[in-house]
Amino acid sequence: MAAIKPEEISHSPMDQLQGLEYCIDSNPSWVETILLGFQHYILALGTAVMIPSFLVPSMGGSDDDKVRVVQTLLFVEGINTLVQTLFGTRLPTVIGGSYAFMVPIVSIIRDPSLAMIEDPHLVGTCVEIGIPMLILFVIFSQYLKNFQTRQVPILERFALLITTTVIWAYAHLLTASGAYKHRPDVTQHSCRTDRANLISSAPWIKIPYPLEWGAPTFDAGHSFGMMAAVLVSLIESTGAFKAASRLASATPPPAHVLSRGIGWQGIGILLNGLFGTLTGSTVSVENVGLLGSNRIGSRRVIQVSAGFMIFFSMLGKFGALFASIPFPIFAAIYCVLFGLVASVGLSFLQFTNMNSMRNLFIVGFNDFLNTIFYSSPTVALIIAVFLDNTLDYKDSAKDRGMPWWAKFRTFKADSRNEEFYSLPFNLNRFFPPS
């Protein structure tokens with residue numbers, strides 16, 4: 001048997017992903033941009049509706065209160081997304097609500113247990129909606145991605161919009177036919193299209209404003225719990241920023257760009273508190289995944305989606321219509337998009353030597369501890385940094401991939417950085433890159 005030559009099985013490491021239709025600073029036509037931005041808005045609705053739906057009832061709030069919180073959260077998400085894409089990292093990232101804040105929030109409202117927080121994997125709540133959504137999305141985005149209309153891969157590019165519309169209509173038929181008539185209340189609330197009470201409770205026009213729920217109060221014990229959530233949120237966002245840079249075909253963001261983004265995220269969390277959104281903010285991982293699914297990494301698309309968030313948060317009835325999409329539809333999409341972002345993170349391992357037992361041990365040990373602790377990115381960061389800087393670090397520089405990362409640590413080390421991360425309106429003269 002002939003031996004296999006190394007060149008026949010090896011793939012050269014690549015700084016940037018190939019095959020993207022539009023990168024961070026290139027834009028589709030305005031029609032496509034608006035549709036793609038609306039698609040990101042629909043995806044962002046999942047978290048914006050789920051978090052208030054879980055927390056508001058445990059606080060004794062009504063459907064009217066839930067609608068007001070959803071509108072406020074979307075309004076602040078839109079502002080934070082615009083600010084982040086203009087003055088923060090300038091990466092195409094949606095800044096949405098964070099689940100990391102839910103545990104300290106539940107503690108603050110003195111809920112006796114976490115029973116009010118449902119399993120986030122809502123596909124299993126009503127498989128007749130979740131499974132068809134998952135299968136249809138995979139078929140459209142992967143198996144039929146080469147289908148084109150006027151040279152546009154419409155099924156790949158708008159897979160989320162098309163499948164959501166189809167399955168939403170299917171869920172409405174199930175609801176109207178009485179399929180959920182004798183099902184448990186939790187199932188009915190998650191799966192029916194007429195049980196969320198969002199549309200009937202939403203006002204026609206309502207503009208969120210700071211301190212809408214009253215003056216803030218302070219408790220030292222609660223503050224420490226929220227600080228822990230902020231730390232988790234910032235760590236998760238840092239990883240998401242790097243994934244977004246890769247899916248937008250940009251260079252890895254230099255340190256000062258990441259610091260700039262985290263700084264603006266901190267201001268965003270302050271806005272969350274002032275407006276009373278019930279949670280803090282973080283980079284929406286599912287929207288980062290959508291960049292890879294439709295191969296569109298355009299910054300302008302995300303800015304358009306921010307415009308939809310702000311617009312529909314003020315026009316309550318229209319926003320509530322889209323927010324009434326059943327949760328299992330979002331859960332099915334998350335199954336694909338969260339996995340895609342995780343795989344992007346793994347793609348950075350191509351710059352390390354994965355034939356090294358040292359590196360294999362670090363990756364495997366992370367995987368073990370992730371089953372114990374709640375936040376996988378946080379555990380991965382802590383353990384990876386500790387092990388990477390204590391296990392033969394002096395003799396393993398090349399295995400660690402540090403020579404590749406070194407060239408991106410400073411802004412001027414790569415001429416492409418100015419193209420991707422320079423601030424608009426000549427603001428770099430006030431905030432010179434380091």
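Sequential numbering from 1 along the given sequence is applied to the chain's residues.
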Looking at CG of L161 and CG of N294, how far apart are the two atoms once the value is rounded to the nearest 0.5 Å? 11.0 Å
With a 4.5 Å limit on heavy-atom distance, are the side chains of Y421 and P253 in contact? yes
Would you say the side-chain atoms of W264 pair up with the backbone N or O of Q84, donor to acceptor, closer than 3.5 Å? no
Looking at CE of M354 and CG of L349, how far apart are the two atoms once the value is rounded to the nearest 0.5 Å? 5.0 Å
Are the side chains of S26 and S298 in touch, meaning some heavy atoms are under 4.5 Å apart? no
Do D25 and R300 meet the salt-bridge criterion of a basic N to acidic O distance under 4.0 Å? no
Any side-chain heavy atom of K66 within less than 4.5 Å of one from S53? yes
A quick test of your reading: do over 12 heavy atoms of other residues, nucleotides or ligands sit less than 6.0 Å from CZ of F311? no
Tell me yes or no: between the side chains of S356 and N353, is some donor less than 3.5 Å from an acceptor? no
So, for G297 and A248, which heavy atoms are closest and what is the spacing to 0.1 Å? O-CB, 3.7 Å
How far apart are the closest heavy atoms of L134 and C335, and which atoms are they? CD1-CB, 4.1 Å
With sequence neighbours left out, the residues meeting side-chain hydrogen bond (donor to acceptor under 3.5 Å, both in side chains) with R90 are none
Taking every heavy atom of N27 against every heavy atom of Y22, the minimum-distance pair comes out as O-CE2, 3.5 Å
Taking side-chain contact (heavy atoms from CB on, under 4.5 Å) as the criterion, tell me which of I302, T81, L45 meets it with H40. I302
Within a 6.0 Å radius of atom CZ on F338, are there more than 12 heavy atoms belonging to other residues, nucleotides or ligands? yes
For the side-chain hydrogen bond (donor to acceptor under 3.5 Å, both in side chains) test, which of S233, S281, S98 pairs with Q265? S233
How long is the span from the CE atom in M309 to the CG atom in N80, to the nearest 0.5 Å? 10.0 Å
Shortest non-hydrogen contact between P52 and T47, atoms and distance: CD-O, 4.1 Å
What distance separates I131 CD1 from L136 CG, expressed to the nearest 0.5 Å? 12.5 Å
Output all residues satisfying side chain to side chain contact (heavy atoms under 4.5 Å, CB included) with S313, sequence neighbours left out; order by chain, then residue number. L74, F75
Side-chain donor-acceptor pair present, S141, E156, cut-off under 3.5 Å: no
Shortest non-hydrogen pair, F140 vs A159, comes out as CB-CB, 4.1 Å
How would you list all residue pairs meeting ring pair (Phe, Tyr, Trp, His ring centres under 6.0 Å) that involve residues 229-257, not counting sequence neighbours? H256-F411
Within the 4.5 Å heavy-atom criterion, are L278 and F101 side-chain neighbours or not? no
Looking at N389 and V385, would you say the former's side chain and the latter's main chain have a donor-acceptor pair under 3.5 Å? yes
How about Q350: does its CD atom have over 12 heavy atoms from other parts shown lying under 6.0 Å from it? yes
Considering the options T282, T89, T93, which one meets the side-chain hydrogen bond (donor to acceptor under 3.5 Å, both in side chains) requirement together with S237? T282
E32 and P28: which non-hydrogen atoms are nearest, and at how many Å? CB-CB, 3.8 Å
Tell me whether the centres of the aromatic rings in F330 and F327 are closer together than 6.0 Å. no
Side-chain donor or acceptor of R299 paired with backbone N/O of F420 under 3.5 Å: yes
Given side chains that start at C-beta, do those of Y99 and V232 come closer than 4.5 Å, heavy atoms only? no
Is any side-chain heavy atom of Q142 less than 4.5 Å from a side-chain heavy atom of F137? no
Is there side-chain contact between K145 and L155, with at least one heavy-atom pair below 4.5 Å? no
Go through the steps for V56 and F54 under the test side chain to side chain contact (heavy atoms under 4.5 Å, CB included), then give the verdict. CA-CA 6 Å; V56 171; F54 298 151; over 6 Å; no
Given side chains that start at C-beta, do those of I139 and I135 come closer than 4.5 Å, heavy atoms only? yes
Euclidean distance, L43 CG relative to Q39 CD, rounded to 0.5 Å: 8.5 Å
How long is the gap from CD1 on I129 to CH2 on W168, to the nearest 0.5 Å? 12.5 Å
For the side chain of S245 and the backbone of K242, is there at least one donor-acceptor N/O pair under 3.5 Å apart? yes
When you compare the side chains of T277 and E77, does any donor N or O come within less than 3.5 Å of an acceptor on the partner? no
Salt bridge present between R157 and E21 (N-O < 4.0 angstrom): yes
